Visitor: 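One structure follows; several queries about it will come next.
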Amino acid sequence: MVHFLLIRHAETKDNVNGVWAGWKDSPLSNHGMIQAQTLAKALSDIKLSAVHSSDLKRTRTTATVLISKQSNTNLPLMASALLREQNFGAGEGMKISAKSKDLSLATHFVKGRFPAIHTRNQRFPGGESLDEVAQRAEEVIDGILLPYVVQEREDQDGSKAPVLVAVVSHGIFIAELVAAMLRRRHPEPGFSFDVRNLRGMRNTGWTKVEMVFQPARNFEGADAVSLPMTLTTKILAVNRHTHLLNLVRQKGGIGSMVYDPSQKKIGDFFAKPKKNCKEDPVEVSP
């Protein structure tokens, strides 16, 4: 079996500013860098087989920090534009505004206002709809995720090390990706999954999904290797973020500033553990 650890990137300056940031490239904030380092430390005891990210700065930086705490620090980072967040088109960099009931969506755009869209087929001018993001998610499954599952099936010998693949991406895209993974388990017409149950991921929060090919049932007497394969998908964890439990934003606006790699002691930003406050253990091994 293969476990996919789907991780949302660390906090960015655009997150702090409350603007639409899809394909817009925004750097991590100081607090975001601490989140990334805290995540990397929490996951340092598990062995990642591979690490993927979108090609945007916020995910690549988060993924690079994650790799830096692995036992194999030479693990390559494979970046793909397919893993990007939803494209917000003309809304990129604009403030997230409230929707006025007496105005049409088009009128909002004319006035330079960009409220949240709650339908799957509408989009900001020049952007993507959720249905189009879902189509991209299907491409990610076929081109990035399934090859690991197929390879794991072919190499299965009982002694192979567990396969754990980290994918550092974005909140909306991860929700659409998980829904698409579940649809592969339920290919029958009419199956639907409410992706709203998967949204609201914390920065550096992670969701774990298991995918495995298993022999189809009711084929008595056949060799298990030659049986038709059924893809099984299971959600094992959603929006886990216990590694952030004792993290406190630095005061005076410093935590919200853009992270500067030249600053000397990033470790000084870490909050001291609170007394009598136990964090749930991080369990990500297959």
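Quantities reported herein were computed from a predicted structural model and do not represent experimental measurements. We use all heavy atoms of the structure for the numbers below, so side chains are in, but hydrogens, waters and symmetry mates are not.
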Visitor: Applying a strict under-4.5 Å side-chain criterion to I, L, V, M, F, W and Y, I'd like to know whether Val209 and Val133 cluster together.
Guide: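 In one cluster with Val209: Val133, yes.
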Visitor: Taking Asn30 for its side chain and Ile254 for its backbone only, find out whether a donor-acceptor pair lies under 3.5 Å.
Guide: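 Such a contact is found between Asn30 side chain and Ile254 backbone.
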Visitor: Give the C-alpha distance, both sets of side-chain angles, the deciding distance and a yes or no for side chain to side chain donor-acceptor pair (under 3.5 Å) between Thr204 and His241.
Guide: CA-CA 7 Å; Thr204 67; His241 54 269; over 6 Å; no
Visitor: Report the distance from atom CG of Leu177 to atom CG of Leu145, rounding to the nearest 0.5 Å.
Guide: 5.5 Å
Visitor: Assess whether side chain to side chain contact (heavy atoms under 4.5 Å, CB included) is satisfied between Leu244 and Leu39, documenting all intermediate values.
Guide: CA-CA 8 Å; Leu244 301 176; Leu39 172 72; over 6 Å; no
Visitor: How far does OG1 of Thr207 sit from CZ of Phe4, to the nearest 0.5 angstrom?
Guide: 14.0 Å
Visitor: Checking side chain to side chain contact (heavy atoms under 4.5 Å, CB included) for the pair Arg60/Lys57: CA distance, chi angles, key distance, verdict?
Guide: CA-CA 5 Å; Arg60 287 189 293 109; Lys57 185 183 302 180; 4.1 Å; yes
Visitor: Check the pair Leu83 / Ile144 against side chain to side chain contact (heavy atoms under 4.5 Å, CB included), numbers first and verdict last.
Guide: CA-CA 10 Å; Leu83 290 166; Ile144 298 178; 4.2 Å; yes
Visitor: Between atom NE2 of His3 and atom CG of Leu48, what is the distance when rounded to the nearest 0.5 Å?
Guide: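 If I round to the nearest 0.5 Å, the distance is 13.0 Å.
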Visitor: Once salt bridge (Lys or Arg N to Asp or Glu O under 4.0 Å) is applied, what residue pairs with a partner in residues 2-22 remain, sequence neighbours excluded?
Guide: Glu11-Arg249, Asp14-Lys24
Visitor: Minimum heavy-atom separation for Asn239 to Arg202, with atom names?
Guide: OD1-N, 3.0 Å
Visitor: Just by distance, do the side chain of Ser29 and the backbone of Val258 share a donor-acceptor pair under 3.5 Å?
Guide: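 No, Ser29 side chain to Val258 backbone: no donor-acceptor pair under 3.5 Å.
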Visitor: Taking atom CE of Met257 as the centre, does the number of heavy atoms from other residues, nucleotides or ligands within less than 6.0 Å exceed 12?
Guide: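 Counting neighbours around CE of Met257, 12 or fewer heavy atoms of other residues, nucleotides or ligands fall under 6.0 Å, so no.
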Visitor: Regarding Asp131 and Arg120, does a basic nitrogen lie under 4.0 Å from an acidic carboxylate oxygen?
Guide: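 Counted as a salt bridge, because a side-chain N and a carboxylate O are separated by less than 4.0 Å.
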Visitor: List, one per line, each side-chain donor-acceptor pair under 3.5 Å for residues 93-102, sequence neighbours excluded.
Guide:
from, atom 1, to, atom 2, distance (Å)
Lys95, NZ, Asn17, O, 2.4
Ser97, OG, Phe114, N, 3.0
Ser100, OG, Arg113, NH2, 2.7

Visitor: When you measure from the side chain of Thr107 to the backbone N and O of Leu103, does any donor-acceptor pair fall under 3.5 Å?
Guide: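 Pair absent, no side-chain N/O of Thr107 close to backbone of Leu103.
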Visitor: Would a distance-only check, ignoring hydrogens and angles, find a side-chain to backbone donor-acceptor pair under 3.5 Å from Thr59 to Leu56?
Guide: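 Checking the backbone N and O of Leu56 against the side chain of Thr59, a donor-acceptor pair under 3.5 Å is found.
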Visitor: Between Ser26 and Arg58, which heavy-atom pair has the shortest distance, and what is it?
Guide: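 The answer is O-CB, 3.6 Å.
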Visitor: Hey, could you give me the OH/CD distance between Tyr259 and Gln35, rounded to the nearest 0.5 Å?
Guide: 14.0 Å
Visitor: Could you check whether any side-chain N or O of Glu92 sits under 3.5 Å from a backbone N or O of Gly22, counting only pairs where one atom can act as donor and the other as acceptor?
Guide: yes
Visitor: Taking the side chain as every heavy atom from C-beta outward, state whether Ile174 and Trp206 have any atom pair closer than 4.5 Å.
Guide: no
Visitor: Rounded to the nearest 0.5 Å, what separates atom OG1 in Thr38 from atom CG in Leu247?
Guide: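 One gets 4.5 Å once the value is rounded to the nearest 0.5 Å.
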Visitor: Decide yes or no for Leu5 and Ile7: does some side-chain heavy atom of the first lie under 4.5 Å from some side-chain heavy atom of the second?
Guide: yes
Visitor: Is it possible for you to say whether Trp23 and Leu82 belong to one hydrophobic cluster, with membership spreading through side-chain heavy-atom contacts below 4.5 Å?
Guide: no
Visitor: If you measure only the distance, is there a donor-acceptor pair under 3.5 Å linking the side chains of Ser54 and His170?
Guide: yes
Visitor: Is there a donor-acceptor pair under 3.5 Å between the side chain of Thr233 and the backbone N or O of Met181?
Guide: yes
Visitor: Would Val2 and Val212 satisfy side chain to side chain contact (heavy atoms under 4.5 Å, CB included), going step by step from the backbone distance to the final call?
Guide: CA-CA 6 Å; Val2 181; Val212 60; over 6 Å; no
Visitor: Give a yes or no answer on whether the side chain of Gln151 reaches the backbone of Pro147 with a donor-acceptor pair at less than 3.5 Å.
Guide: no
Visitor: Quick test of your reading: applying side chain to side chain donor-acceptor pair (under 3.5 Å), list the pairs with at least one residue in residues 67-78, sequence neighbours left out, ordered by first then second residue.
Guide: none
Visitor: Output all residues satisfying side-chain hydrogen bond (donor to acceptor under 3.5 Å, both in side chains) with Ser80, sequence neighbours left out; order by chain, then residue number.
Guide: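 With neighbours one apart ignored, the set is empty.
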Visitor: Spell out, yes or no, whether Val16 and Phe88 are grouped together once hydrophobic residues are joined by side-chain heavy atoms under 4.5 Å, including indirect joins.
Guide: no
Visitor: Identify the heavy atoms of Leu231 and Arg184 that sit nearest to each other, and give their distance.
Guide: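 Heavy-atom minimum between the residues: CD2-CB, 3.7 Å.
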Visitor: Please determine whether side chain to side chain donor-acceptor pair (under 3.5 Å) holds for the pair Thr119 and Gln122, giving the CA-CA distance in whole Å, both sets of side-chain angles, and the decisive distance to 0.1 Å.
Guide: CA-CA 6 Å; Thr119 62; Gln122 292 178 305; 2.7 Å; yes
Visitor: When the ring planes of Tyr148 and His52 are compared, do they come out parallel, tilted or perpendicular, using 30° and 60° as the limits?
Guide: perpendicular
Visitor: Looking only at heavy atoms, what is the nearest atom pair of Ala10 and Thr62, with distance?
Guide: N-OG1, 3.1 Å
Visitor: So which atom in Arg153 and which in Phe213 form the shortest heavy-atom distance, rounded to 0.1 Å?
Guide: CD-O, 4.3 Å
Visitor: Just verifying a value: how many Å separate Lys234 NZ and Leu182 CG, rounded to the nearest 0.5 Å?
Guide: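 So the gap between those two atoms works out to 12.0 Å.
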Visitor: So does Ile34 get a backbone contact from the side chain of Gln37, meaning a donor-acceptor N/O pair under 3.5 Å?
Guide: no
Visitor: What residue pairs, at least two apart or across chains, pass salt bridge (Lys or Arg N to Asp or Glu O under 4.0 Å) with a residue in residues 74-85?
Guide: Asp55-Arg84
Visitor: Under the ring-ring contact (aromatic ring centres under 6.0 Å, His included) rule, collect the residues that match up with His31, sequence neighbours excluded.
Guide: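 Checked His31 against ring-ring contact (aromatic ring centres under 6.0 Å, His included); zero matches.
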Visitor: Is Leu236 reachable from Met211 through a run of I, L, V, M, F, W or Y residues, each pair having side-chain heavy atoms under 4.5 Å apart?
Guide: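 Shared cluster, no.
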Visitor: Charged N to carboxylate O under 4.0 angstrom, Glu176 versus Arg136?
Guide: no
Visitor: Where is the tightest heavy-atom contact between Met201 and Leu6, given as atom of each residue plus distance?
Guide: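 What the structure gives for the nearest pair is CE-O, 3.8 Å.
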Visitor: Considering only heavy atoms from C-beta outward, does the side chain of Met1 approach that of Glu210 to under 4.5 Å?
Guide: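 A side-chain contact exists here, since the closest heavy-atom pair is under 4.5 Å.
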Visitor: Report whether Leu43 and Ile67 are members of the same hydrophobic cluster (ILVMFWY, side-chain heavy atoms less than 4.5 Å apart, transitive linking).
Guide: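 Same cluster: Leu43 reaches Ile67 through Ile, Leu, Val, Met, Phe, Trp or Tyr contacts under 4.5 Å.
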